[in-house]
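As structure tokens, the structure follows; a few thoughts come after it.
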2 protein chains.
Amino acid sequence: MLKGAMAETVQLGSITETTDPRILRSRQMLMESLFRLLTRKEFDDISIQEIADEATLNRATFYLHYPDKNALLQAMTATRFRDLIARRGLSFTDCDGALRAIALGVCDYLAETTGCPGQLAKMPLEGSIIAAVEDIFLQGAAHHAIVPGTDPKLLATTAAWAIFGAARRWYQTPDRIPAEEMAAKIEAMVKPIFLTASM
Amino acid sequence: MLKGAMAETVQLGSITETTDPRILRSRQMLMESLFRLLTRKEFDDISIQEIADEATLNRATFYLHYPDKNALLQAMTATRFRDLIARRGLSFTDCDGALRAIALGVCDYLAETTGCPGQLAKMPLEGSIIAAVEDIFLQGAAHHAIVPGTDPKLLATTAAWAIFGAARRWYQTPDRIPAEEMAAKIEAMVKPIFLTASM
DNA sequence: CAAATAAATCGACAAATGTCGTTTAAGCAT
DNA sequence: ATGCTTAAACGACATTTGTCGATTTATTTG
């Protein structure tokens, strides 16, 4: 898979900020197209041609922005999840109960976006959601006194994976408890990770 | 993607045990083929035809057992990781330091199996390794006094994701600390999850 | 405004994917 | 040993994928 120039910018890793309205517009339309199609069909049954058609873009244009379907799903998920968090004004700067609020955000996102719980297994959302949660933690870490021997990145990663894993299990459970209740449980489990001393 | 009969048994979820030597043989050969090919090429660059050829099986036979390449990778990873753990005789029944040993197992598995750290990002190993770790925890839970309000499954899932996430970060880090050292860190972070009271 | 830059379109291509119906042969039960 | 069951092989098919080169069109810069 030779990855091509891909419109100058890269999706994962360090992003060369783009202002070009054409690029922004194309990517946005692709993400919205996929989202719309997902309400009707399963991810696996959606072809890149369909996504391009729905976005009124040429198929080749798709490949100019994303290497494959998964990358688009990834990008879409990251964007939508970040928006959800942003709408709720979570930044971990207002540190109180932020952990619970983030957990709740993940639960809600899974519940409102993913159609069928069984389908979740196939979708590679992990990367995007986990990365977003990780980022929030890291932002928060900047506002805290840094415990000497501790690696904030490792803590953020570990906590993010723990939260996502727990939320995922919750969502896949047949008869779920309320999201709020689950968020409280997650908070209780994950909080101690951050209190890890002597590392 | 109509999933077809798939040789009577299913990969994920409840597995209808098979004794038929033909089935066992085919699956084993496919897993070994993929492993061998992975030492030479990247996962993305391996076609199903190649896997089938390497296994001296027909391509159609592949689809009799796995819906796609990812499912095979998943199965292969689960099998190999379980073997690694089994070779080390880890069962969490010998509870002391088992958590650290499992963390070490995950680190070692990633390091010895995955070729390039950057490639890891694309591979959906999560499901398989995490599921295996989860199982080990659940086995262990059976040997412990069950704390009333606690859900062992949730704890197992959360801890498993935390461990995998941490190990994954470690493996992707350019200049890694020794695996043993990392395992100790992971143990320190994850242990408190199991001590969560009042859930 | 005009020229340079770069994104989007178009058509085409070889390759890979996923699925079928049919045939061959291995495993299993009586 | 005989026959039933079912896995594996085979060949074929329509579709999707990923990539190209060439062209058109939109944006930015000077």
Side-chain angles (χ1 to χ4, degrees), chain A residues 1-11 15-34 37-38 41-75 122 124, chain B residues 1-11 15-34 37-38 41-75 122 124:
Chain A
M1 187 205 294
L2 296 173
K3 50 176 54 178
M6 240 201 290
E8 141 204 354
T9 70
V10 184
Q11 294 315 113
I15 302 163
T16 313
E17 284 295 339
T18 302
T19 2
D20 195 318
R22 291 173 292 180
I23 295 181
L24 267 4
R25 183 162 185 281
S26 294
R27 291 184 183 171
Q28 201 175 322
M29 298 194 69
L30 287 171
M31 291 192 282
E32 284 166 5
S33 296
L34 176 58
L37 289 172
L38 277 173
K41 316 178 62 171
E42 294 200 2
F43 182 66
D44 281 337
D45 296 336
I46 300 172
S47 75
I48 292 176
Q49 181 70 63
E50 281 180 290
I51 298 172
D53 288 349
E54 176 82 19
T56 60
L57 289 177
N58 193 279
R59 188 169 68 93
T61 307
F62 176 96
Y63 290 102
L64 243 33
H65 296 283
Y66 304 99
D68 55 34
K69 236 189 344 177
N70 283 331
L72 174 61
L73 177 65
Q74 189 104 349
K122 302 176 185 178
Chain B
M1 186 206 295
L2 297 174
K3 52 177 57 178
M6 236 200 289
E8 138 204 357
T9 70
V10 184
Q11 293 318 112
I15 302 164
T16 312
E17 283 294 339
T18 303
T19 0
D20 195 320
R22 291 173 293 180
I23 296 181
L24 266 5
R25 183 163 184 279
S26 293
R27 292 188 184 167
Q28 201 176 322
M29 296 194 68
L30 286 171
M31 291 191 285
E32 283 166 6
S33 296
L34 176 57
L37 289 172
L38 277 173
K41 316 178 64 171
E42 294 201 2
F43 182 66
D44 281 338
D45 297 335
I46 299 173
S47 76
I48 291 176
Q49 181 71 62
E50 282 179 290
I51 298 172
D53 286 349
E54 176 81 20
T56 58
L57 289 177
N58 193 277
R59 189 170 67 92
T61 306
F62 176 96
Y63 289 103
L64 242 33
H65 295 283
Y66 305 99
D68 56 35
K69 234 187 350 176
N70 283 331
L72 174 61
L73 177 65
Q74 189 103 349
K122 301 176 184 178

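What's counted below: heavy atoms across the whole structure, side chains too, no hydrogens, waters or symmetry copies. Below, read A as the first sequence line, B as the second, and so on, with proteins coming before strands; counting in each chain starts at 1.
Residue B:L72 contributes atom CG, which lies 15 Å from atom C1' of C:dT17 at whole-angstrom precision. Separating the CZ atom of A:R27 from the C1' atom of C:dA6 is a distance of 13 Å, rounded to the nearest angstrom. The CD1 atom of B:I23 sits 11 Å away from the C1' atom of D:dA8 (whole-angstrom rounding). The CZ atom of A:F62 sits 14 Å away from the P atom of C:dT9 (whole-angstrom rounding). Between the C1' atom of D:dT19 and the CG atom of B:D45 lies a distance of 14 Å, rounded to the nearest Å. The separation between A:K122 atom NZ and C:dG18 atom C1' is 13 Å, rounded to whole Å. A:Y66 places its OH atom 15 Å from the P atom of D:dG18, with the value rounded to the nearest Å. Distance CG (B:N70) to P (C:dT17): 11 Å, rounded to an integer number of Å.
Closest approach of B:A55 to B:M29, counting heavy atoms only: O-CE, 3.2 Å. Contact between B:E50 and B:D45 at its shortest, heavy atoms only, is OE1-O, 3.3 Å.
Within the 4.5 Å cutoff, no side-chain heavy atoms of B:L37 are placed close to those of B:F43. Contact of the B:L34 side chain with the B:L30 side chain is not registered, since no non-hydrogen atoms from C-beta on lie closer than 4.5 Å. Side-chain atoms of B:E42 and B:K122, non-hydrogen and from C-beta on, do get closer than 4.5 Å to each other.
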Going 5' to 3' through nucleotides 24-30 of chain C, assign each nucleotide B (protein heavy atom under 4.0 Å from a base atom), S (under 4.0 Å only from sugar-phosphate atoms) or - (no protein heavy atom that close). --BSS--
Protein within reach of the bases, or only the backbone? For nucleotides 9-17 of chain D, mark each nucleotide 5' to 3' as B, S or -, using heavy atoms under 4.0 Å. SB-B----B
May I have the step-by-step check of side chain to side chain donor-acceptor pair (under 3.5 Å) for A:N70 and A:Q74, ending in yes or no? CA-CA 6 Å; A:N70 283 331; A:Q74 189 104 349; over 6 Å; no
From CA spacing to verdict: side chain to side chain contact (heavy atoms under 4.5 Å, CB included), A:L73, A:L38: CA-CA 10 Å; A:L73 177 65; A:L38 277 173; 4.3 Å; yes
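One distance of note links CD of B:Q49 with CZ of B:F62; it measures 11.5 Å at 0.5 Å rounding. How far CD1 of B:I48 is from CG of B:D68: 7.0 Å, rounded to the nearest 0.5 Å.
Checking side-chain atoms of B:K69 against main-chain N and O of B:I46 turns up a donor-acceptor pair under 3.5 Å.
Each end of the helix from C:dC1-D:dG30 to C:dT30-D:dA1 yields a helix axis from five base pairs, and these two axes differ in direction by 40° (to the nearest 10 degrees).
Under 4.0 angstrom from either OP1 or OP2 of C:dA7 there lies no side-chain N or O belonging to A:H65.
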